[in-house]
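Notes to accompany the following structure.
Computed over heavy atoms, backbone and side chain alike; hydrogens, waters and symmetry mates excluded. The model shown is predicted, which means the values in this text are computed figures rather than measured ones. So you know, we letter chains A, B, ... as the sequences are listed, proteins then strands, and number each from 1.
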Amino acid sequence: MAQISFKLNGVAKTVTVDSPETPLLWVLRDQLGLTGTKYGCGIEVCGACTVLINGEPEKSCDASIGEVAGKSVMTIEALKTDPLGARLQAAWLEHQVPQCGFCQSGMLMAAFGRLKAGESRASTASSLSNICQCGTFQRMKEAILGLPGVA
Amino acid sequence: MSAKRTTDTMVLDRRSFLGGAAAAVLMPVTLGFAAGRADAAAAVGAYIRIDASNTVTLITGQTEMGQGIGSGLAQIMAEELMLDWAQVRFEHAPVNPALYGLPGWGLQLTGGSTSTMMWYAPLRSASAIAAWRLRAAAALTFGGLVEQWTLVAGGNVKHASYGVKTFASVLGKVASTPVPGSAPFAGTKRIVGQRVRRIDLAAKVDGSAKFGMDVMLPGMVFASVVHCPALTGTVKSCPTRASGALAVVNLGNAVGVVASNTWNAMRIASTLQSKITWTLPANPALLDSGSLASAAQALQAAATPANLKVFETAGSPDGKTGTIDATYIAPFLAHACMEVMNATVSVTKTNGAVTLVELWLPTQGQSFVPGTVRSVPGLANLADAQIKVNSMLCGGGFGRKIEQDYVLQAVKLALTVGKPVKLTWSRPQDFKNDKYRPYASMRVRLGGDANGIGGLVYRNVSASISFQQGANPEDTGAVAGAVKLPYAIANRRIEFAPLPTAIPLGYWRSVGESYNTFAIESAIDELALALNQDPIDYRLRMLGADPRASRVLQTLKASPRYTGMAAAKRGAAFLKGFNSYVALALEIAPDNGSRIRVTKAHYVIDCGLVINPDAVEAQMQGGLAHGLYSALYNRVTFANGVPQVQNFSNYRVLTARDMPQVTVDIIEGDPTTTMPGGVGETGVPCVAPALANAYHRLSGTRVRELPFYPGATMSED
């Protein structure tokens, strides 16, 4: 058993886990009930589990809860609290991006993290490595490229 | 589907109406049927729920898995009730095939692009009848005659003397109104045919959408499984406990591990593999892709293979097929849904006896779930009411979630553990225990002249799904895309020779067309080139008797999207299938040294009456992506039953970089005469042949075996 403290979506959080090796993904989903972050591959390829850790997009399937101690984590559930995040979500709806929707949390968090850090819309839209088996890439690109007020 | 069952259900709902809160009314409407099916025993119903806030919810048996079916069907309802789109919702129905099964099939499942085409007419009639009953209820509530009450947009009715009233205000009298056999349609096209925003999207951008994998129950424990490395192997012996596990359960075809979280369950299951002994499949050659390829080759060479079935024959093709003799190969494929197989089950016992099994599932196959539950020892006698299925959103389905393997495992686990269990397969277990898209070998012999095909002999040798299941050894699905071709071919013979295999097979988006269209549309391209004919003009010469087919190809040919593609890098293909017509042209360019990428793709589709053009475009974009990564990169091979696939790392799929701009022209059918055709699968079949045809122009090389780049990995670029 270990106790880990970190900041989750702006709020201080302490969790008790069996092992500090437990991936953040499964603490979020199974322990904290934040199921917006998805399991897709478990090997950092698909991007469905993407969250922000200290502002950086990270695959939460490979970030242990121990590594997260003292850091700040942002999940899809808090995206709307950031003005850029809310605009990104609105653009996603405007372009009707999601199909099944399963990969979209990770897609949004990856795009948001990059745009928030100042990466251009064009670079973000063309180089996101997230997998979407429904093939929503074209609309994802259109939604990002059409974002107002972003470089 | 007995008359009694239908009647009972109606009575049940009437009771729940009488006993329920006045605010929420479950409104029964009887669906109309096509002429000849007025038999009450076959009648099914849809339910429209109107609540106190005048929100109107369609309760549908069709599963939302990204294709937009919940919204599309709700549009049909909203049109006839003249609703504002903002007041419309949909939700998944409980399992009750008599009520919610596909009209025509009687099965509650989602597949074959059938949902809209089968539900459009009955749902439209039912919604119109519901509108009439609301008007009648207004007359009973406020006075006047039903004819004096008219529907007003926004979920209201209006009377010259009594004014505008909401649907919600007349619900108390709905049950007292008669059910007319038919009712007039609103016919305003306010909502049908419009690009309304899909209802499920808002929850899909803020993380609140609930997929099967997201179900959380009080006291829940988490499970995962490990299957035999060789397909169809079973557990001979396994440990009864493991460090860190709450339980280790022999599931017959796998070992389940229950733990405090999913990661622990997956991790422990993975380490258990070395401690389990398996009964291996008896005949590994039937589970070996190399052996199967050789067997298919022999069946192609044989004059009369075992169980040969001639599906279509006309004229005398022999002696008229001398121009092309080519064999095309399509591999076994995985479904690779983003959401892995998972199921959550809670078992309730009363005095030691099971009285309720409740399931939360991502499923396309609701009809089969009660049978799956009852197949578990001790549960055979459960009544329908003791099996409650909650259909969750599917994170992709593509046919995989019709299957019941993961459902069965979760029921066994919950029964054993005595707590609610959420079973989640690991991604490697998901890839390695799929119900794979069949391998198919397709030999095409073709001859003809500039006016068209003189003779066609086609033989599909494939590991047939229904042949394996023993249900329908003739398997029309295996030759779908090769029979009922739109082209005028006077002399033809279409054969099917089943390839014996033990590899578990399943339906994969676009089914038979996913491989037969590759062979047919590649071979026609080969023939046109051999005869120095333009491949589009050549097809058009054989489509004179099919005006919808001709119009789609003519529209493609005239489109600036098509003429704007460089002819030396362009390929096209055509599909008549799923009651729709689709033409695709794409342009390719060399990429990354020896490979290619698609730079442009343009679809022309006539899918009859269009419910939502935006959804049609989305399905074409998605179909292009699905067809493209499959054709370029994907195959699953088997070494003595062991699938040679691990994860997305060695099963390459598309990312944003490789997605071309996809444009779509929709030819809308005459709404007075045309019914909706299928959409969800129609974007896929043309991709592989169009790609092969373009690649031949670019390189001079004809690709007849898919994928283009076997062994591709995700990390190559």
With respect to chain B, which residue among [options] yields the maximal number of heavy-atom pairs within a distance under 4.5 Å?
options                      : result
A:T136, A:L108, A:T22, A:L79 : A:T22
A:R29, A:E77, A:K141, A:R139 : A:R139
A:T37, A:I43, A:L128         : A:I43
A:Q96, A:E142, A:M140        : A:Q96
A:G36, A:S105, A:P98         : A:P98
A:G47, A:A48, A:G40, A:C132  : A:G40

How long is the gap from [atom1] on [X] to [atom2] on [Y], to the nearest 0.5 Å?
X      : Y      : atom1 : atom2 : answer
B:S208 : A:K80  : OG    : NZ    : 7.5 Å
A:Q133 : B:Y629 : CD    : OH    : 3.5 Å
A:Q104 : B:D206 : CD    : CG    : 12.0 Å
B:R427 : A:C46  : CZ    : SG    : 7.0 Å
A:H95  : B:D614 : NE2   : CG    : 11.0 Å
B:D200 : A:C100 : CG    : SG    : 10.0 Å

Where is the tightest heavy-atom contact between [X] and [Y], given as atom of each residue plus distance?
X      : Y      : value
B:L654 : A:F137 : O-CZ, 3.1 Å
A:G135 : B:A625 : CA-CB, 3.6 Å
B:F398 : A:C134 : CZ-N, 4.5 Å

Worksheet item: So, do B:K210 and A:T35 sit near enough that their side-chain heavy atoms are less than 4.5 Å apart?
Response: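 B:K210 reaches A:T35 side chain to side chain.
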Distance only, no hydrogens: is a donor on one side chain within 3.5 Å (strictly under) of an acceptor on the other, for [X] and [Y]?
X      : Y      : answer
A:Q99  : B:Q621 : no
B:T655 : A:N130 : no
A:Y39  : B:E339 : no

Item to complete: Identify which part of A:L93 has an atom lying under 4.5 Å from any heavy atom of chain B, answering side chain, backbone, both or neither.
Response: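 Both the backbone and the side chain of A:L93 come within 4.5 Å of chain B.
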Worksheet item: Does any heavy atom of chain B fall under 4.5 Å from the side chain of A:A125, the backbone, both, or neither of them?
Response: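 Interface part for A:A125: backbone (N, CA, C, O).
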Top contributor to chain A interface from [options] [non-hydrogen pairs under 4.5 Å]:
options                        : answer
B:K422, B:R509, B:M220, B:M659 : B:M659
B:G68, B:S426, B:C337          : B:S426
B:M65, B:R198, B:H626, B:E64   : B:R198
B:Q619, B:Q67, B:M213, B:R195  : B:M213
B:L628, B:V215, B:V653, B:T262 : B:T262

So what's closer than 4.5 Å to chain A heavy atoms on [X]: side chain, backbone, both or neither?
X      : result
B:A656 : both
B:M266 : side chain
B:M216 : side chain
B:L393 : neither
B:V340 : side chain
B:E617 : both
B:V196 : backbone
B:N264 : side chain
B:A618 : both

Item to complete: Name, in order of residue number, those residues of residues 57-64 of chain A that have a heavy atom at a distance of less than 4.5 Å from a heavy atom in chain B; otherwise write 'none'.
Response: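 Listed by number, there are no contacting residues, so the answer is none.
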Practice prompt. Examine distances only and state if a side-chain atom of B:K204 and a backbone atom of A:F102 form a donor-acceptor pair shorter than 3.5 Å.
Written response: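 Such a contact is absent between B:K204 side chain and A:F102 backbone.
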Worksheet entry | A:D30 (side chain) donor-acceptor with B:N261 (main chain) under 3.5 angstrom |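 It does not hold such a pair.
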Practice prompt. Mark yes when over 12 heavy atoms from residues, nucleotides or ligands other than B:R267 sit less than 6.0 Å from its CZ; otherwise mark no.
Written response: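 Yes, enclosed.
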